[in-house]
Amino acid sequence: MDSPSTHWTKAQSTNVNECLAKILSHPIFAQAERQQRFLSYIVTETLAGHADRLKGYTIGVEVFDREHTFDPTVDAIVRVEAARLRAKLREYYDNEGRADPVRFELPKGNYMVHIERQGEDASHAQGAGVTAFPKPIEDRPSLAVLPFTNISSDPEQEYFADGFTDCLITEVSKLSGLFLISLQSSFIYKKVSKRAEDIGLELGVKYLLEGSVQRAGGWVRITAQLIDAVSGVHLWAERYDRELKDIFALQDDVTRRIATVLQVKLAGDETRRHGRESTASIEAHDALLRGLERFWVYSRESAEAARAHFVDAVTLAPGYAAAHAWLARTLVLQWVFLWEPQGEMLEQAFEHARTAVDLDPQHPLAYSMLGWVQCWRKQGEASIAAGRRAVELDPNNADAYIFLAITLAVADQGAEALRHVKTGMRLNPHPSAFNQLALGFCHLVQGEHDEAVAAFKRGVEVSDAFIPNHVWLCVTYSLLGRKDEARFHHEKVMALTRGRKPVLQVIWLDDSLRARMTELMQLAGLA
């Protein structure tokens, strides 16, 4: 709910102030005047839209009555009192404040208070478009790789810059000692002008990597810089001039440099896993990057274009595991949405996913795609096992958690699925429509219909053209007897599918769940 840029309604401010007054009058805070003043000040400033003023110097002067010559690097009063405030807040919420509708937290590393609305009030706030920032990661370095800027003279090289960022995220993600934000949330900031401090706060990370790409003929120039998102200080910057054929080694160099600067220890076989995205064919890699650019559009036409590029990639380099995995992902997408409903499409996807795993048994996306295809082939146990392997190989891969979560949910294991969804959504603080679909499934199979509706609705807000969220809103509304809302989404589905029935392939693995969902699809008029 909280943010320096959030517009607070009068009702929201009143609710927050009521909870603040309750905390300040509690015995835990009653004899702690400094912590009372500290918390009151940072909450008041946040409500007033002045959270950007919450710096060590300002707090020292205005809260702790220091002189204007105050230097927070010399006088540690603000840091000391911040630690005491965090401790008192933890004590309060571990006891009497556990059920409070508003929760205050002071993340380590900055003085911007995190205000989270809980329970029914939080659901209402989300529906109204009020967003809470994610909690900062405190047990390891946290990073977001922002989209590298294309500064080539040819604007059509945008796909190459985006593809470089995508592949770099894949490479950095393998560092198990690092927390990494997903590609989808990173690309929210493409061509967006924001301060590093604001982006770090919105993503709940301490570090940002940004840079530029310039490609000319057979050469590429990459600039990269690592920024402390709390202070805005640049920690490291470097320029690389390499032949295009050395692009994978360049990605590996950047990754290792990040690990060194952030003091991330490489565990187990991680030192040997870097560079495994590589292929000797630059043409094949270029085809992969062009395919990625089309895939993320998520339309029927873009999926077909992406598939053509990925086919080119595997034709040029049959041993390129990443190309086989992405081709499998595209084929199954086309089959699921009934854009290409032939059974051989699913079997082709299976063959390419299996080939990707055979070529590179350490490739997380290969295992995710193998598990995803196996889910649709109704190979439940094998699908879950492959999904778990993907998460094990890359604990920073948000998509791997989401694919595994959906597989568990359709196998009627909603509670475990929900845990994986939440992990995936922390890695992706700007959840995609697909993420919201997974969350909705978790609630739906557990009979939590209002929560399922809320998730599917958020998915529609993210992408009105993503069919599944409309489908399951129609189904859930029909189940709840909310006919007008069900009719609205039924009409939306028919418009998006051009009146086609059935509208999607059947995913359910559990027999009783499949029978129940089939009945509901019929009730909704979508079977």
Side-chain angles (χ1 to χ4, degrees), residues 279 284 287-288 290-292 294-361 363-387 389-390 399-400 402-404 406-407 410-411 434 437 466-468 471 493 496-511 514 517-518 521 526-527:
T279 172
L288 177 77
R290 291 180 185 274
L292 290 175
R294 299 311 303 153
F295 178 86
W296 293 116
V297 177
Y298 268 123
S299 70
R300 182 171 187 163
E301 294 74 21
S302 67
E304 181 58 35
R307 174 182 162 193
H309 287 304
F310 294 143
V311 167
D312 287 345
V314 299
T315 301
L316 289 164
Y320 194 7
H324 283 283
W326 278 105
L327 180 53
R329 185 169 184 171
T330 307
L331 288 166
V332 75
L333 174 71
Q334 292 180 293
W335 182 81
V336 168
F337 278 49
L338 296 169
W339 294 333
E340 296 287 347
Q342 304 90 342
E344 57 264 29
M345 293 289 286
L346 186 62
E347 293 312 302
Q348 289 176 27
F350 179 60
E351 288 304 318
H352 284 289
R354 193 163 57 180
T355 298
V357 169
D358 290 342
L359 287 169
D360 186 356
H363 201 295
L365 179 63
Y367 274 100
S368 267
M369 288 307 98
L370 180 60
W372 188 231
V373 176
Q374 287 171 325
C375 177
W376 290 101
R377 294 176 91 235
K378 304 300 183 284
Q379 298 171 284
E381 290 185 6
S383 173
I384 293 171
R389 180 58 177 156
D399 280 354
I402 299 302
F403 282 119
L404 174 59
I406 291 182
T407 304
V410 300
F434 187 56
L437 175 71
F466 188 68
I467 298 170
V471 169
V493 171
L496 289 170
T497 62
R498 302 171 188 173
R500 184 193 67 223
K501 290 184 184 180
V503 293
L504 293 170
Q505 300 283 6
V506 177
I507 192 172
W508 308 101
L509 293 173
D510 179 79
D511 290 339
R514 185 186 310 125
M517 293 302 171
T518 300
M521 288 286 280
L526 295 175

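Just so you know, these numbers use all the heavy atoms, side chains as well, and skip hydrogens, waters and symmetry mates.
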Is any side-chain heavy atom of [Y] closer than 4.5 Å to one of [X]?
| X | Y | answer |
| --- | --- | --- |
| R329 | D399 | yes |
| L346 | V373 | yes |
| M521 | V471 | yes |
| H309 | L288 | no |
| V314 | Y320 | no |
| R377 | E347 | yes |
| I406 | I507 | yes |
| V410 | D510 | no |

Working to the nearest 0.5 angstrom, can you tell me the gap between [X] [atom1] and [Y] [atom2]?
| X | Y | atom1 | atom2 | result |
| --- | --- | --- | --- | --- |
| L331 | F350 | CG | CZ | 13.5 Å |
| L370 | H363 | CG | NE2 | 13.0 Å |
| Q374 | R354 | CD | CZ | 9.0 Å |
| Q334 | Q348 | CD | CD | 9.5 Å |
| R300 | L496 | CZ | CG | 12.5 Å |
| R290 | D312 | CZ | CG | 10.5 Å |

What are the two closest heavy atoms between [X] and [Y], and how far apart are they?
| X | Y | value |
| --- | --- | --- |
| P318 | L359 | O-CD1, 3.6 Å |
| C375 | L509 | O-CD2, 3.4 Å |
| A390 | A400 | CB-CB, 4.2 Å |
| A411 | I384 | CB-CD1, 4.4 Å |
| A356 | A321 | CB-O, 3.5 Å |
| T279 | A317 | OG1-CB, 3.4 Å |

TODO: Answer yes or no: is there a donor N or O on one side and an acceptor on the other, between the side chain of H352 and the main chain of W326, under 3.5 Å?
DONE: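 Checking the backbone N and O of W326 against the side chain of H352, no donor-acceptor pair under 3.5 Å is found.
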Task: Under 3.5 Å donor-acceptor, S383 side chain and Q379 backbone - done: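 Checking the backbone N and O of Q379 against the side chain of S383, no donor-acceptor pair under 3.5 Å is found.
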Task: Flag if over 12 foreign heavy atoms under 6.0 Å of CD, Q342 - done: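 Atom CD in Q342 is crowded, with more than 12 foreign heavy atoms closer than 6.0 Å.
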TODO: Anything under 30° is parallel, anything over 60° is perpendicular, the rest tilted; go ahead and classify F466 against F337.
DONE: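 If you compare the ring of F466 with that of F337, the planes turn out tilted.
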TODO: Assign the ring pair F295 / F310 to parallel, tilted or perpendicular, where the plane angle (0 to 90°) is split at 30° and 60°.
DONE: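 It falls in the tilted class, 30° to 60°.
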Task: Salt bridge present between R294 and E301 (N-O < 4.0 angstrom) - done: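 Judged by the 4.0 Å cut-off on N to carboxylate O distance, R294 and E301 do not form a salt bridge.
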TODO: For residues F403 and F434, establish whether the separation of their ring centroids is below 6.0 Å.
DONE: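 Ring-ring flag for F403/F434: true, centres closer than 6.0 Å.
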- [ ] With side chain to side chain contact (heavy atoms under 4.5 Å, CB included) as the test, would you mind laying out the steps for T518 and W508 before giving the verdict?
- [x] CA-CA 9 Å; T518 300; W508 308 101; 5.8 Å; no
